[in-house]
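Contents: one structure, followed by commentary.
Lettering follows sequence order; numbering is per chain, from 1.
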Amino acid sequence: MRITVASGKGGAGKTSVAVSLALAAKRESLLVDCDVEEPNAALLLGAEPLKSESATIPVPEVNEEICTFCKECSKACRFHAIMILPHKAVVFDKMCHGCGVCSFVCPENAITEVPREIGKIVWGEAKGVRLLEGRLNVGEAMAPPLIRQVKAKMEESEPPLVILDAPPGVSCPFVETVKGSQFILFVVEPTPFGYHDFELSSRVVVELGIPWGVLANKCVKGESEGIVEKMEELCSSKGGTMLGKLPFSLYVARGYSKGDPMVVADPSLEPLFSQVLDRIQEKASRGEAR
Amino acid sequence: MNGVREVAVISGKGGTGKTTITASLAMLMREGVVVDADVDAPNLHILLQPHVEEEHRFMGGFVAEIDPDLCESCGRCHELCRFGAIVPPKGEGAYQVDPVACDGCGLCQLACPTEAVRMVQKEVGWWYRSNTERGPFFHALLRPGEDNSGKLVTQIRTAAQEFAKEKGLKRILVDGPPGIGCPVISSLTGVDAALVVVEPTPSGVHDARRVVELTNSFNLELYLLVNRFDINEQIAEEIEYWAKEQGIGLAGRIPLDPRIPQLLSEGKTPLEAGGEVRATLEGLYQKLFDQKGR
């Protein structure tokens with residue numbers, strides 16, 4: 001069972017909730033940090049890295065002794081990653097998607113593919129929770145290839161419960177993370193920005209047909225109520241489930257500022273997280289989505 | 001660049017206050033253009049209330065399509081596809097493309113012996129030139145779930161730069177996205193300065209350091225502002241100390257002030273809180289845009 005914790009807008013509390021759920025799950029679980037651009041789960045869990053491996057994508061290396069500079073590769077490449085000058089082949093590594101088109105079309109077999117590191121895949125553990133993290137090298141433009149590799153690693157030894165911490169946003173890194181999940185839990189701060197981005201991201205999960213629910217976080221009396229109502233309406237109209245409303249707590253905020261996830265800053269929240277997990281399991285097994 | 005000063009607001013971590021601060025700066029700015037480069041989940045329009053003057057389609061990458069009448073089910077595409085985007089038929093029948101997984105590389109098209117694959121360019125979003133009470137505003141929306149956000153950021157920044165040049169405007173203010181990936185890189189290329197908005201938490205500091213590392217590949221002035229600094233004053237001081245050591249300009253601190261979310265929920269910026277908050281934001285604007293007689 002894979003649960004992805006997402007939000008649309010950054011800063012809503014995704015990672016804190018994901019870590020809290022993993023801590024509340026008193027069974028074998030794995031926390032997967034798919035926010036490869038800015039992975040924070042290890043920090044909040046207090047996990048030290050145990051094992052780290054290089055994540056690579058295959059990029060072309062042109063043998064200029066064999067190359068006839070015919071330009072078939074650069075014509076076929078859709079990502080402007082390879083350029084052929086009169087007597088030189090130039091590869092723009094960071095534009096390369098590792099698709100293999102260039103080596104496929106080369107009439108001289110002058111192209112071999114060599115691994116280029118885009119980031120690291122790191123295993124960690126703390127407080128009874130196993131953590132698998134993807135960490136993109138600074139300067140790399142693309143998160144999805146690393147997210148794919150992290151998830152493939154997850155599949156090698158997947159326990160009954162996996163909680164994925166998604167990146168913020170609504171575009172390809174988010175989609176790459178949620179694909180294949182049985183449930184998506186949105187953590188949403190009930191502000192105009194938070195609601196706007198949540199609505200955008202709900203469109204994706206509705207299209208993907210994955211059951212989903214919402215946890216409203218940092219609710220403030222008065223201000224938030226109108227937006228929480230809108231969130232509830234969106235749930236009823238699009239088949240999502242309102243799973244809870246957490247009030248804003250300066251206590252939790254200060255705990256977070258010291259590196260504590262919600263359930264550590266405020267242990268009285270633990271039963272709530274266990275309940276949320278149970279409800280999610282129930283919804284997911286009934287496959288509730290339109 | 002060309003007499004136009006361009007400043008981007010970034011953070012690494014999401015939710016630190018980039019858009020709120022950018023909106024405040026936009027309200028203070030004269031003779032400038034504002035750009036919302038968080039094309040994936042744009043929020044600045046909520047505060048700036050734009051009137052759209054021009055709307056443009058944005059075409060992104062390609063996606064493969066298999067013509068079931070031409071497909072002879074040889075499976076070559078499925079063998080070669082590195083993105084798991086080719087779905088074999090359950091029994092007999094044509095292979096199909098999973099458009100969500102498809103990377104648009106075209107390998108399947110090149111490999112197909114019956115020319116059953118065509119590559120179709122996707123309309124992945126829209127971008128807009130709008131007017132606000134404070135001047136021109138360029139923004140966009142990437143279709144939820146799509147890629148090519150970096151390309152769309154480049155598109156609106158280019159349009160903003162051309163517009164500024166044409167109208168003789170002196171400043172461009174860019175609200176950047178979170179993270180360090182392609183849309184952030186596209187928000188930073190060629191800017192004169194970047195402001196990093198950091199929150200004083202371990203995650204906030206971790207993420208800010210990564211985005212600062214990213215800026216090292218660019219030739220730009222770097223500034224740092226600590227938002228909601230009083231959540232953890234010790235960390236606020238540590239990050240400011242670190243910033244100074246790195247040669248990053250300190251651009252101020254804003255407290256966790258409950259009036260700010262209240263103002264935001266009313267569609268107003270923190271400038272309206274007055275007092276020290278306003279003074280900090282005015283000082284920030286000066287530092288970013290009006291120093292040394294810029």
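Between chain B and the residues A/V175, A/V101, A/V204, the most heavy-atom pairs under 4.5 angstrom are made by A/V101.
Note that CG of B/D147 and CE of A/M142 are 10.0 Å apart. Values are rounded to the nearest 0.5 Å. Atom OG1 of A/T191 sits about 8.0 Å away from atom CD1 of B/I46, to the nearest 0.5 Å. For the atom pair CD1 (B/I180) and CG (A/N137), the distance works out to 8.5 Å, reported to the nearest 0.5 Å. Between the SG atom in A/C172 and the CG atom in B/L142 there is a gap of 8.0 Å [rounded to 0.5 Å]. If you take SG on A/C102 and CG on B/L107, they are separated by 9.5 Å, rounding to the nearest 0.5 Å.
Both the backbone and the side chain of A/F193 have a heavy atom closer than 4.5 Å to some heavy atom of chain B. Interface residue A/L136: backbone and side-chain heavy atoms are both found under 4.5 Å from chain B. With a 4.5 angstrom heavy-atom cutoff, B/D98 does not touch chain A via any of its atoms. Using a 4.5 Å cut-off between heavy atoms, A/F79 touches chain B through its side chain atoms alone. If you measure heavy-atom distances from A/K94 to chain B, you find no contacts under 4.5 Å at all. In this structure, no portion of A/I227 lies under 4.5 Å from any heavy atom of chain B. Using a 4.5 Å cut-off between heavy atoms, A/P39 touches chain B through backbone and side chain atoms alike. Residue A/V170 touches chain B through both its backbone and its side chain, counting heavy-atom pairs closer than 4.5 Å. For A/H97, the parts lying under 4.5 angstrom from a heavy atom of chain B are both the backbone and the side chain. Only the side chain of A/V105 has a heavy atom closer than 4.5 Å to any heavy atom of chain B. Residue contact with chain B, scored on non-hydrogen atoms closer than 4.5 Å, involves the backbone and the side chain of A/R254 alike. Of the two parts of B/I235, only the side chain, counted from C-beta on, holds a non-hydrogen atom closer than 4.5 Å to a non-hydrogen atom of chain A.
Contact record, A/S257 with B/P200: CB-O, 3.8 Å, taken as the closest heavy-atom pair. Contact between B/L110 and A/A76 at its shortest, heavy atoms only, is CD1-CB, 4.4 Å. Listed here is the closest heavy atom pair of B/P42 and A/H196: O-CE1, 2.9 Å.
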Step-by-step side-chain contact (heavy atoms from CB on, under 4.5 Å) determination, A/E207 to B/V100: CA-CA 11 Å; A/E207 243 184 74; B/V100 177; over 6 Å; no

- prompt: side-chain contact (heavy atoms from CB on, under 4.5 Å) between A/R148 and B/R82: does it pass, once the steps are laid out?
  reply: CA-CA 11 Å; A/R148 273 194 286 275; B/R82 297 182 179 189; over 6 Å; no

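In this structure B/A26 satisfies the side-chain contact (heavy atoms from CB on, under 4.5 Å) test together with B/V34, B/L48, B/L173, sequence neighbours excluded.
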